[in-house]
Amino acid sequence: MQKISKSRLYELFDAIAAKQSLYIPTDREAGAAEYRKYESGMKLTKELNTVRSAKDFFFPQTENLADFKIEGKTIEVRDIREECEDFVIFGVRACDARSFTILDKVFLCEPVDSFYKNRRDHGTVITMACTRPAETCFCKTFGIDPTVPGGDVSCFDDGESIFFLANTEKGERFVESISSFLEDGDTDRLMEVQTRAREIMDKLPLAKLSTENFGGDKLNEYFNSDKWAELSEACLGCGTCTFVCPTCQCYDIKDFNTGHGIKRFRCWDSCMYSDFTKMAHGNPRLTQLERFRQRFMHKLVYFPANNDGEFGCVGCGRCLAKCPISMNIVKVMKALEAK
Amino acid sequence: MQRIGVFVCHCGTNIAATVDVKAVAEALGHEAGVVIAQDYQYMCSESGQELVKSAIREQKLTGVVICSCSPRMHENTFRKAAASAGLNPYLVEVANIREQCSWIHKDIATATEKAIILGKAAVAKVALNTPLTSMESPVVKRALVIGGGIAGIQTALDIAEAGFDVDIVEKNPTIGGKMAQIDKTFPTLDCAACILTPKMVEASQNERITIHSFSEVEDVKGFVGNFTVKIKKKARFVDETKCTGCGLCTEKCPMKKVPNEFNMGLDNRSAIYIPFAQAVPKVATIDPNYCMMLKTGKCGVCSKVCSAGAIDYKQQDTIIEQQYGAIVVATGFNPIKLDKYDEFAYNQCPDVVTSLELERLMNAAGPNGGTLLRPSDKTHPHTIVFVQCVGSRCDDEKGKPYCSKICCMYTAKHAMLIREKYPDTEVYVFYIDVRTPGKNFDEFYRRAVEQYNVHYIKGMVGKVTPKSDGKIDVQASDLLANEQLHINADMVVLAAAIEPDKTARPLATMLTTQMDTNDFFTEAHPKLRPVESATAGIFLSGACQGPKDIPETVAQGSAAAAKAIGLLCKNSITCNPCTAHSDELMCNGCSSCEKVCPYGAITYIDKEFRMPDRTTKIRRVASVNPAVCQGCGACTVACPSGAMDLSGFSNSQIMAEVDAICK
Amino acid sequence: MQVNENFEPVIVAFCCNWCSYAGADLSGTNRLNYPTNVKIIRVPCSCRVNPMFILRAFQKGADGVIICGCHPGDCHYTSGNYFTRRRITLLYSMLDFLGIERNRTRLEWVSAAEGAKFAATMQQFTEDVKALGPNRRLEDLRCRKQ
Amino acid sequence: MQEAMIKRAKELLADGSVDRVIGWKRGEFAYDITPAVFTTAEELDRDFVCDDFTAANVSKYLVKETQKEGKILAFLKPCDTYSFNQLVKEHRIDREKVYVIGIEGGPKLDIEKIKAKGITGILSVKNEDYTLKIETIYGTQTMPFYEAILGKCASCKSKKHVVFDELIGEDGDVLDSNRFEMVEKLENMTAQERFDFWRDQLSKCIRCNACRNVCPACTCENCVFDNPKSGIDNKAPADSFEENMFHIIRAFHVAGRCTDCGECSRVCPQHIPLHLLNRKFIKDINELYGEYQAGADTTSRAPLNTYDKNDCEPSVVHERGVE
């Protein structure tokens, strides 16, 4: 595999950033990392993952869809779509990388979401294998091996060097484009690191969590479960879980009156919100219990039912860390399983 | 779908001279929802209104915007016109392109641009207007007159004459006010008491008039047609119903060193007193600051001599509460304090007096029994100097910026009376201008100069210096002769400016009426509504509204009475429908709105709601009484959930205006 | 900050119906000029002015917002302007805390008799806002005029 | 204390004094504690927890709980009692339906502060003489207890319970806290610096509404930001203006009502110091209109629902601090 010494990594970043936008996970403050556009001098975070997921690159929180220019009684519709510029995201974890395939299923199936596709086509995802998972990690539950992450290019850190492995054509083009920085290297150390990481994975508190009791066929069993009342009791109905989730893909379309026209935009929405999918007659899910149930049923039952068994969760653990009242998918799964 | 009509008024050239009205109509015609946009010479004229009415009918308008003068001027005119054409009157909005545009701007391009924006804001608002229906609220058939001077008396008599009950609240022990202190009146020189006291008696004897003397208004709540007023009847320590006004107590009272306010402190009265012989009610009052019985518990003479047994040392202030349909303010005036005028030696020399003090000095019922004597040595003055405009028309902090209006005339009167009675007395009047507009006024003044040889000198008095020989040196300039004068005077009379009574300011707050910077009550319109305040149901009588002489005061008193009668004649009045209302589904029942409501219009009810989960829940929610709500909107901002909104000025309407202005 | 000579600020003035709006009318009656930048919105009382109206104005392109009401003690509704004073003081203090220029907002008491004060206040406020330049710290970029 | 609480809760359940108990339920890890309602002794024995991580203020849940039949036992920390009182004052909680047991307050721990030290794979956290001993997958780590306490506990305003039916443990006093230090620091910055500070902070906002939804002062039936009729409804900050507006309006709506419980900042996934906005209002109110502590009682008039004829003019803003 080709590698670059970690001492030359920022040199590489500088070179990539000179040609296209490069985003890396960096510390905003101690304990909180986020993706930022790389500028010389910026350092990679030591955090395992970012607070917000990487879905923002392809499915940003707000996105303009169309403009209507209004003058008196005349309205002119303006298509504001334009080809997005190429960009590179470095350091995406295996869980987030998997989330893209879940989002792809939603946005790239017919009719294709051209806004999403535009960004997806122009973004190169470079992942980074995990070596120090956190107690909240449970990607393994969803069949993800964080030591071998997906993306266009996978990167591996053996402590001294970063190894690059192209997984897609786009990835190959990227690796080719930086080949002057790369050299061949042996992977012995890397194998050791990977083995050690896998051992840790097995020891994680949530290592035993399994999806075997979930899937598209469980609808009737779980929908009417009496567990939902207790589980949803403390739910504040906020959107924290949804907004830090790499796979939540619901959005609302809104119009904003600028004074000289209308901007039609979409923005993230959360099924936890009381006005989610509100229609003329009101909200189809009237209680927080129903809304709460919707979110987890979607991830654990409805989504696999419609997507060949693929679950709507990647086990990144963000909702475990961020829910204000510490209610999360793991607690839900365990409670539902318990007969 | 909105169908809005826009009507742009030229107002002759008032608007059209600086605003391109055709361009405004043209631009607003392109606004969303506008189906017709026209301009016209005078929108408020009959044919202008007809234009609006026919457009409403023919175009089936859902809203009307009039770009014209201030809505404070003609909003009602256009609302009525709309109503007569079948459009709810509250679907009319006025864009103020005269007072707030054409009259203040000179450049046609920018003024037109602004007028268009103001018009757009009105269009944006009217699109969100909703039809509103006024409620009726009953009128209490009783009036309150605050102040028992000639203004208040005249108002009360006229209202009573029309057949309505009326209460007079007078803070002094007697009604009569300033006029009772005056000797003769200009320009007829008839006796003030002779024309006033019959009216006082008439008021006291009129069955429909109740006089609360020695009383003050404590609190006013409510609104037009239905005010609730708390009146404090101050303890006078004499039972009004028993006292016969015989005056024996005042003779026997051992405490006789009380400065007599009726005589401007120029002599003394007893601690128990009747202000003057013709006082109404003729009832004694004990001054607790001087009464030995009340202060030390030792005396009780008055009680002993009172055969009617009217003395009650234990009397307390009492509060009475009464409903009124209309309130007339007649709080009158006072001469300003001259403490700051050291140059006139008012505080240093007893022979420097104010004009009102001179009235008492010359009055037959005054301290000297009508003989003009110097207060210092009770000698006859031979040279008297009158100084005009003391504190009137003043630029500095010491005085008032306005003309007190009555001084020129009463000074001419004083000068004339003195010259008439004491022809050996030289009278000098120093003036800035002599202002005598009024029927027979200038003739009166000319008589003083020509017939009575009063020395009118245009000039300012620089300094008044009391001399050791008892004379007073008056240093002045004669502007016409351009020379400095020294007059060796015996007396100096200062024409002190007049100001509203000190009780007027707190009263205005209670009544929620406006005052100008000088504490005169502001009339609703200086020309068209001169005796009404901007607050419905509150009328203005006499000098509380501005300096006035007696004829004007009486005229205004009657005018105010007429307005009050007009209100009292109605069985009910139409309420402003622009009131607050609470969206019960949004209301949290937190009570914030109730706390800020000045009218107590908000109460809470427990109401059953069907909850989203199909259960029912009883929730506490706010409920606004639209008959009590006056539509200030305080509650709408106090409400965190936005449940409270104001009809006619809703959140969305105001924000639509903001949007239209800012875009 | 660089002062742009051609900058014409948008100024929203909320005026209470009983005092300040009448004061504005009086300055019109007396032909007392003030800049065309000022556009008045009539409200029944200054206490009707919700902070969200003020923010809305800035969002939609206003460069300055001024609220005018009856002098304390003179409120047509007895107490409205006292509530206004507290609310608006706190709001302005918060805007200041967020780094919004102090001179973009103002509260003035203008009586029905103070036409001259109204005109002078608007003149001064417009000048102050002009000196600050366009509102950038509390604007919504989507609303910026193209 | 946890044992005493469970014992007392079981007694009150058993004798029928209360029908339910609101407290905290243990989770998967040492720190992921969820507010929960218990109805049986078994549940209490199995799940009830009160430890260094039970920071959540449960008073807001009582709005919902007191709309139900029966009486509920609530364990309230000193700071929670202020929120409780304020909700009673605003008629949001039916006082008759709650049995309040005051319990000792924090300082409580902030797991994010522990994680910020690079400590990961956390299995247990133990307080040993104010040193935290943290067992992790990667070995044992230690850190000083006080470096890991919640921001809201570090600037605790009061250890006094302003309302309770009984107490477990000692009642404390109102503290002379340094809670306005950061507000003062900001006030002393230039307007540009303040603007930059808040832009940096508020630009992080993802409008998850955690701050609002956890806030005991935000109990509106329908928030203006969710209500299309309000004209300012807004689901996501599409522009920096909207980031500002949400937080300004929210702070304004709770001004004079916010008890400074600090939950907003505790739950913010983006670590925005939202409590500073509320504290700015509290500080202004204290300085301009006299000391006022929301929730200290249930009868006083909220500062924004009252006035004094001699209140200062808004020009006071110009006279203070720096621009």
Side-chain angles (χ1 to χ4, degrees), chain A residues 28-32 34 46-48 51-52 61-64 132-137 200 203-206 230-231 233-244 251-252 254 256 263 265-270 272-275 278 288 318 320-328 330-331 334, chain D residues 22 24-25 27-37 43 53 56 58 60-61 64-65 111-123 136-138 200 204 206-215 222-223 226-228 233-239 242 263 266-271:
Chain A
R28 191 182 58 216
E29 62 197 46
E34 66 179 12
K46 289 201 164 53
E47 294 294 319
L48 175 64
V51 176
R52 296 172 70 162
Q61 183 160 18
T62 59
E63 180 168 37
N64 242 27
R132 258 173 82 88
E135 73 277 11
T136 50
C137 289
I200 296 167
K203 285 193 289 188
L204 289 176
L206 303 177
E230 193 192 329
L231 287 167
E233 183 119 57
C235 178
L236 298 171
C238 75
T240 308
C241 52
T242 313
F243 290 177
V244 297
Y251 59 84
D252 194 1
K254 299 218 156 221
F256 175 77
K263 280 198 181 298
F265 66 102
R266 71 168 161 205
C267 61
W268 291 352
D269 203 346
S270 170
M272 294 299 206
Y273 287 169
S274 56
D275 58 349
K278 192 171 182 175
Q288 199 56 38
R318 285 188 178 90
L320 277 65
K322 290 299 178 185
C323 174
I325 54 113
S326 298
M327 179 47 65
N328 53 55
V330 171
K331 288 184 180 176
K334 288 193 171 180
Chain D
I22 187 160
W24 305 268
K25 185 177 175 173
E28 290 296 317
F29 314 115
Y31 53 82
D32 60 334
I33 279 150
T34 304
V37 176
E43 282 174 2
F53 286 104
V58 298
K60 187 177 181 178
Y61 290 105
K64 195 170 65 179
E65 288 300 326
I111 189 64
E112 303 260 325
K113 287 215 172 113
I114 296 172
K115 289 182 178 175
K117 289 274 179 193
I119 301 172
T120 186
I122 297 165
L123 300 172
T136 81
I137 309 163
Y138 307 103
D200 184 43
K204 300 190 295 198
I206 56 172
R207 185 64 63 73
C208 64
N209 291 319
C211 51
R212 180 192 73 183
N213 291 16
V214 81
C215 175
N222 195 343
C223 175
D226 292 346
N227 178 5
D233 66 308
N234 181 256
K235 208 166 242 178
D239 187 272
E242 290 182 335
E263 286 284 89
R266 180 179 73 85
V267 302
C268 178
Q270 293 282 66
H271 297 171

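Numbers restart at 1 for each chain; the letters A, B, ... are given by sequence-line order, proteins then strands. Only heavy atoms go into these numbers, but all of them, side chains included; no hydrogens, no water, no symmetry mates.
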Is there a donor-acceptor contact under 3.5 Å from the side chain of [X] to the main chain of [Y]?
{"X": "A:Gln288", "Y": "A:Glu233", "result": "no"}
{"X": "A:Ser326", "Y": "D:Thr34", "result": "no"}
{"X": "D:Asp226", "Y": "D:Cys223", "result": "no"}
{"X": "D:Lys115", "Y": "A:Glu47", "result": "no"}
{"X": "A:Asp252", "Y": "A:Asp269", "result": "no"}
{"X": "A:Lys322", "Y": "D:Pro269", "result": "yes"}

Tell me, side chain or backbone of [X] under 4.5 Å from chain A's heavy atoms, or both, or neither?
{"X": "D:Ile122", "value": "both"}
{"X": "D:Ala36", "value": "neither"}
{"X": "D:Arg266", "value": "side chain"}
{"X": "D:Ala56", "value": "neither"}
{"X": "D:Gln270", "value": "both"}
{"X": "D:Lys113", "value": "neither"}
{"X": "D:Glu43", "value": "neither"}
{"X": "D:Leu123", "value": "side chain"}
{"X": "D:Asp233", "value": "side chain"}
{"X": "D:Glu28", "value": "both"}

Under a 4.5 Å heavy-atom cut-off, does chain D meet the side chain of [X], its backbone, both or neither?
{"X": "A:Thr62", "result": "side chain"}
{"X": "A:Glu29", "result": "side chain"}
{"X": "A:Thr242", "result": "neither"}
{"X": "A:Arg132", "result": "both"}
{"X": "A:Thr240", "result": "both"}
{"X": "A:Leu48", "result": "neither"}

Item checked: Sequence-distant partners of A:Lys203, side-chain hydrogen bond (donor to acceptor under 3.5 Å, both in side chains), two or more places apart -> none
Identify which of [options] forms the greatest number of heavy-atom pairs closer than 4.5 Å to chain D.
{"options": "A:Ala234, A:Ala32, A:Cys267, A:Cys137", "answer": "A:Ala234"}
{"options": "A:Phe256, A:Tyr273, A:Trp268", "answer": "A:Tyr273"}
{"options": "A:Lys46, A:Glu34, A:Arg52", "answer": "A:Arg52"}
{"options": "A:Asn64, A:Thr136, A:Asn328, A:Val244", "answer": "A:Thr136"}

Considering residues, nucleotides and ligands other than [X], do more than 12 of their heavy atoms fall under 6.0 Å from its [atom1]?
{"X": "D:Lys64", "atom1": "NZ", "result": "yes"}
{"X": "A:Glu230", "atom1": "CD", "result": "no"}
{"X": "D:Lys204", "atom1": "NZ", "result": "yes"}

Find the one option among [options] whose heavy-atom pairs under 4.5 Å with chain A are most numerous.
{"options": "D:Cys211, D:Pro237, D:Pro228", "value": "D:Pro237"}
{"options": "D:Ile137, D:Asp32, D:Ile22", "value": "D:Asp32"}
{"options": "D:Asp239, D:Asn227, D:Val267, D:Ile206", "value": "D:Ile206"}

Margin query: Holding to salt bridge (charged side-chain N to carboxylate O under 4.0 Å, His left out), I want the full list of residues that pass it with D:Lys117, two or more places apart in sequence or in another chain.
Written below: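 D:Glu147.
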Check: To the nearest 0.5 Å, what is the distance between OG (A:Ser274) and CG (D:Asn222)?
Finding: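 It comes to 6.5 Å.
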Next item on the list: Can you see which heavy atom on A:Pro133 is nearest to which on A:Ile200, and at what distance?
Entry: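 It is CG-CG2, 3.7 Å.
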Check: Between A:Cys238 and D:Cys208, what is the shortest heavy-atom contact and its length?
Finding: CB-O, 3.3 Å
